[in-house]
*Asks:* 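A single structure is presented below for examination.
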Amino acid sequence: MRDFSADHRWLSINTATVRKSRGVEQPLTGIIEACVQRGIRAISPWRDQVAAAGLPVISKLVKAHGLELSGYCRGGMFPALDAAGLKAAREDNRRAVDEACELNAACLVLVVGALPGALAGKAAHKDIALSRSQVSDGIAELLEYAKASKMPLAIEPLHPMYAADRACINTLEQALDVCDALDPSRTGALGVAVDVYHVWWDPKLEAQIRRAGKDRLMAFHVCDWMTPTTHLLEDRGMMGDGVIDIRRIRGWVEAQGFAGYSEVEIFSSGNWWQRDSAEVLDTCIARHRGAV
Ligand code: ZN
């Protein structure tokens, strides 16, 4: 297992972590500069942040600084109520692949979606099995496009509390079942993003990480689970402040040969987004060394 205590060369910052500083939305260009100043070598930006700054601007900045992308957030949201919705999702995902290629991302992370309409507050139906089959079909189709573009797809299983509105793939086992069905020969084109926040509780986690193996382990996301958790989406903790045994899980991932970045991804409207982003980045570096 790699020793992270001496430096932060394997730290990546998911840019949502510093999306806000003192409650104010921050431009991605400034976030990138702040990371570079601290010797952070990798980021994982969100599409909306890239779009706001302009893809060419961000692409140029990333290249100028020699920054790597541990992933690109995100594609997915495949299920829809009708053919037009499915088509719109398909086209949007292809654009996400194109953007990920332009930014030379390690993978495009997929948050697969769930019941159509649920995220907006009203689910159009209750058939989660239908959503799951649309997800599988959507990934199958996107995979062909992504393979041609040489952009790996990483399915991120989300904690079951998001099964209705964000992702109907909720365990690593489920994600790997989809991988095995769509990419049985393990071409390296399809795998998973292991986010400790979503999977730490799973009694099958270690076994499924072993099942994934090096070729399917494409991204490793860290933060912490607070007790109590006060918001379903935006109360993620800083590594070391909660109950997740992050180092143990990293050990399992690295035992399979994963040697990529440890990506800090914290959504925290009540705490970290209220602080100065300089403090947040400095804390990420310290905790990466001490608690990851
Ligand atoms: Zn994640």
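Start at 1 with the first residue, then count along the sequence. Order of listing sets the numbers, starting from 1, for every ligand and every atom in it.
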*Asks:* Using 30° and 60° as the class boundaries, would you call the ring planes of Tyr261 and Trp10 parallel, tilted or perpendicular?
*Replies:*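 Geometry flag for Trp10 against Tyr261: tilted rings.
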
*Asks:* Salt bridge between Arg95 and Asp92, side-chain N to carboxylate O under 4.0 Å?
*Replies:*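 The answer is yes: the pair qualifies as a salt bridge.
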
*Asks:* May I ask you to check whether His221 brings an N, O or S atom to under 2.8 Å from the Zn ion (ligand 1)?
*Replies:*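 Looking at His221, which is the residue asked about, there is an N, O or S atom under 2.8 Å from the Zn ion (ligand 1).
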
*Asks:* Output the atom name for the N/O/S atom of Glu156 with the smallest distance to the Zn ion (ligand 1).
*Replies:*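 Of all N, O or S atoms belonging to Glu156, OE2 is the one nearest the Zn ion (ligand 1).
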
*Asks:* State plainly whether the residues Asp180 and Arg216 are in salt-bridge range, i.e. N to O under 4.0 Å.
*Replies:* yes

*Asks:* Can you check the angle at the Zn ion (ligand 1) formed by OD2 of Asp195 and OE1 of Glu265? Round it to the nearest 10°.
*Replies:*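 Angle OD2(Asp195)-the Zn ion (ligand 1)-OE1(Glu265): 80°, rounded to 10°.
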
*Asks:* Any ion pair linking Lys63 and Glu102 (charged N to carboxylate O, less than 4.0 Å)?
*Replies:*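 Salt bridge flag = yes for Lys63 with Glu102.
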
